[in-house]
Amino acid sequence: MSTVTTIARDNLTARIDSMGAQLTSLALDGCEYLWQADPAFWGKHAPVLFPIVGSLRGDRAESAAGSCAMARHGLARIYEHGLVGVSEDGASATFSFESTEETLRAYPYRFRLNMTYALTGPASMTQTFAVTNAGDADMPFSIGGHPAFNIPVPGADGEAFEDYEFRFAEPWTCPSPKIVEGGLATYEDTFPTVEDSDTLPLARDLFAYDTVIWDHVPGNTLSLVSRVSGRGVRVDFPGFDFIGIWSAPGAPFVALEPWTGHATLTTEDDVLEHKEGITILAPGATDTRSFTVTLL
């Protein structure tokens, strides 16, 4: 049975469910910024994506170690994670998920994933993924976060979804691949998003093809901010080449998702090692990456 762990630093609190090591609350001064999983729109908060991000073609792929069979976003989100411990100051917690005979049937690699959530500033939380190859063969994987935030943000009385905009570190241009049948992505048919600008208005039609995928965002930083109040969230994601932007139809939230990889491309084969952005981890090695959410 899953349990919920609370961490706190001054007026900032977070809660993490051991099922999937999923963040379920991020609140500042008692105001909840994280989407609260209303099943009418989307019944999750912030799943951990591992060892794949997005979809495989037909939920299957081959690898040097054998066949893989996983639904969208992989395994970590559907298994219990053990609590390793909470820091003495109560501001961080680490969870661990290790391969089992059951996971090996879906993904034939032995691994350990440690997830650490740490409140690192008055309004900032850092989420750290530490993936260890516990086997004796090179291990291919992708990893990512999926935190969704209430938009409008709490306390922004009278604001609308459309009052918000994305802000970048500098002007840039980046079309997004489309998500097509089967959850695959295609760069052969893209759609325009940000064009020679350091801002992009938030609009419902931005999600006409499900998820926006941006690669190599300037400075690996992205803000979603109200033009009315200046309130919002910022994500800093060094070490993640991609970020996915998603919202369900009509929903009052936006997910800001740092990724190291993405769904299988329509032009790719079905070999896991061949996927764009895949990380190949040597036996005994650990890959550590973090992103930070700051409430504005």
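Given the structure is predicted, the values throughout are model-derived calculations rather than measurements. Positions are given from 1 along the sequence. Atom set for the values below is all heavy atoms of this structure, side chains included, hydrogens, waters and symmetry mates excluded.
The backbone N or O of G20 lies less than 3.5 Å from no partner atom in the side chain of E80, so there is not a single donor-acceptor pair. Counting only distance, with no hydrogens or angles, the side chain of E273 and the backbone of A64 share a donor-acceptor pair below 3.5 Å. Distance alone, capped at 3.5 Å, places no donor-acceptor pair between the R77 side chain and the P47 backbone. With hydrogens and angles disregarded, no donor-acceptor distance shorter than 3.5 Å links the side chain of T132 to the backbone of A134. Formation of a donor-acceptor pair under 3.5 Å by the S87 side chain with backbone atoms of A91 is found in this model. A side-chain donor-acceptor contact under 3.5 Å links N220 to the backbone of F240. Remark: side-chain polar atoms of E159 are paired, donor with acceptor, to backbone N or O of S229 under 3.5 angstrom. Remark: the backbone N or O of Y187 is not paired with any side-chain donor or acceptor of T190 at under 3.5 angstrom. The closest donor-acceptor contact from the side chain of D189 to the backbone of K178 lies at 3.5 Å or more, if one exists at all. Of the possible polar contacts, one joining the H73 side chain to the G54 backbone as a donor-acceptor pair under 3.5 Å is found.
Side chains of S55 and R72: a donor on one and an acceptor on the other come within 3.5 Å. A donor-acceptor contact under 3.5 angstrom links the side chains of S96 and N114, judged on distance only.
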Task: Stepwise side chain to side chain contact (heavy atoms under 4.5 Å, CB included) test for I245 and L222 - done: CA-CA 11 Å; I245 311 298; L222 174 66; 3.7 Å; yes
- [ ] Could you check T260 against I143 for side chain to side chain contact (heavy atoms under 4.5 Å, CB included), going step by step and ending with a plain yes or no?
- [x] CA-CA 6 Å; T260 63; I143 200 159; 3.8 Å; yes
Open item on the list: side chain to side chain contact (heavy atoms under 4.5 Å, CB included), that's the test. Do M125 and L119 meet it? Break it down for me.
Closed with: CA-CA 4 Å; M125 184 205 73; L119 304 179; 3.8 Å; yes
TODO: For side chain to side chain contact (heavy atoms under 4.5 Å, CB included), just list the numbers for L23 and H45, CA-CA rounded to whole Å, side-chain angles, deciding distance to a tenth of an Å, and then say yes or no.
DONE: CA-CA 7 Å; L23 184 71; H45 308 265; 5.9 Å; no
Task: Step-by-step side chain to side chain donor-acceptor pair (under 3.5 Å) determination, S2 to S18 - done: CA-CA 5 Å; S2 67; S18 61; 4.7 Å; no
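Taking the six-membered ring for Trp, F111 and F50 have ring centres closer than 6.0 Å. W172 has its ring centre no less than 6.0 Å from the ring centre of H216.
Residues F149 and L34 are in side-chain contact: their nearest non-hydrogen atoms beyond the backbone lie under 4.5 Å apart. A heavy-atom distance below 4.5 Å is not found between the side chains of L12 and P122. Considering only heavy atoms from C-beta on, E268 comes within 4.5 Å of E276 through its side chain. Side-chain contact check for L256 versus F166: some heavy-atom pair is nearer than 4.5 Å. Side-chain contact between V254 and F161: present, with at least one pair of heavy atoms (C-beta onward) separated by less than 4.5 Å. At least one side-chain heavy atom of P51 sits less than 4.5 Å from a side-chain heavy atom of L75. A heavy-atom distance below 4.5 Å is found between the side chains of Y109 and P140. Considering only heavy atoms from C-beta on, P108 comes within 4.5 Å of S63 through its side chain.
Put simply, I7 and Y33 are part of the same group of oily side chains (I, L, V, M, F, W, Y) that touch within less than 4.5 Å, one to the next. Under the 4.5 Å side-chain heavy-atom criterion for Ile, Leu, Val, Met, Phe, Trp and Tyr, V225 and V228 are members of distinct hydrophobic clusters. Residues V217 and F291 share a hydrophobic cluster, clusters being chains of Ile/Leu/Val/Met/Phe/Trp/Tyr side chains in contact below 4.5 Å. Under a hydrophobic-cluster definition in which Ile, Leu, Val, Met, Phe, Trp and Tyr are linked whenever side-chain heavy atoms come within less than 4.5 Å, directly or via other members, F237 and F168 are assigned to the same cluster. Both V131 and M115 belong to a single network of hydrophobic side chains, linked directly or stepwise wherever heavy atoms of I, L, V, M, F, W or Y lie under 4.5 Å apart.
Between W42 atom CH2 and W35 atom CH2 the span is 9.5 Å, to the nearest 0.5 Å. We find the OG1-CZ distance between T116 and F129 to be 10.5 Å, quoted to the nearest 0.5 Å. If you take CG on L200 and OH on Y164, they are separated by 16.0 Å, rounding to the nearest 0.5 Å. Within the model, atoms CD of Q36 and OG1 of T24 stand 7.0 Å from one another, a figure rounded to the nearest 0.5 Å. Rounding to the nearest 0.5 Å gives a distance of 10.0 Å between CD of Q22 and NE2 of H81. Distance check, rounded to the nearest 0.5 Å: CG of D163 to CZ of R231 gives 13.5 Å.
More than 12 heavy atoms of other residues, nucleotides or ligands shown are found within 6.0 angstrom of CG on D89. Within 6.0 Å of OH in Y79 there are more than 12 heavy atoms belonging to other residues, nucleotides or ligands.
Each of T221, T126, T128, V235 was checked for a side chain to side chain contact (heavy atoms under 4.5 Å, CB included) with T292, and the lone residue meeting it is T126. A side chain to side chain contact (heavy atoms under 4.5 Å, CB included) with I213 is found for exactly one of P175, S176, C174, namely S176.
Residue L265 comes nearest to R57 through the heavy atom pair O-NH2, 3.3 Å, listed as atom of the first residue, atom of the second, then distance. Nearest heavy atom pair, residue C68 against residue L272, reads SG-CD2, 4.0 Å. Of all the heavy atoms in L28 and A123, the pair that sits closest is CD2-CB, 4.0 Å. Residues R227 and R167 share a closest heavy-atom pair of CA-NH2, 4.2 Å. Residues V194 and T199 approach most closely at CG2-O, 4.1 Å, considering heavy atoms. When all heavy atoms of I179 and A185 are compared, the pair lying nearest together is CD1-CB, 4.0 Å.
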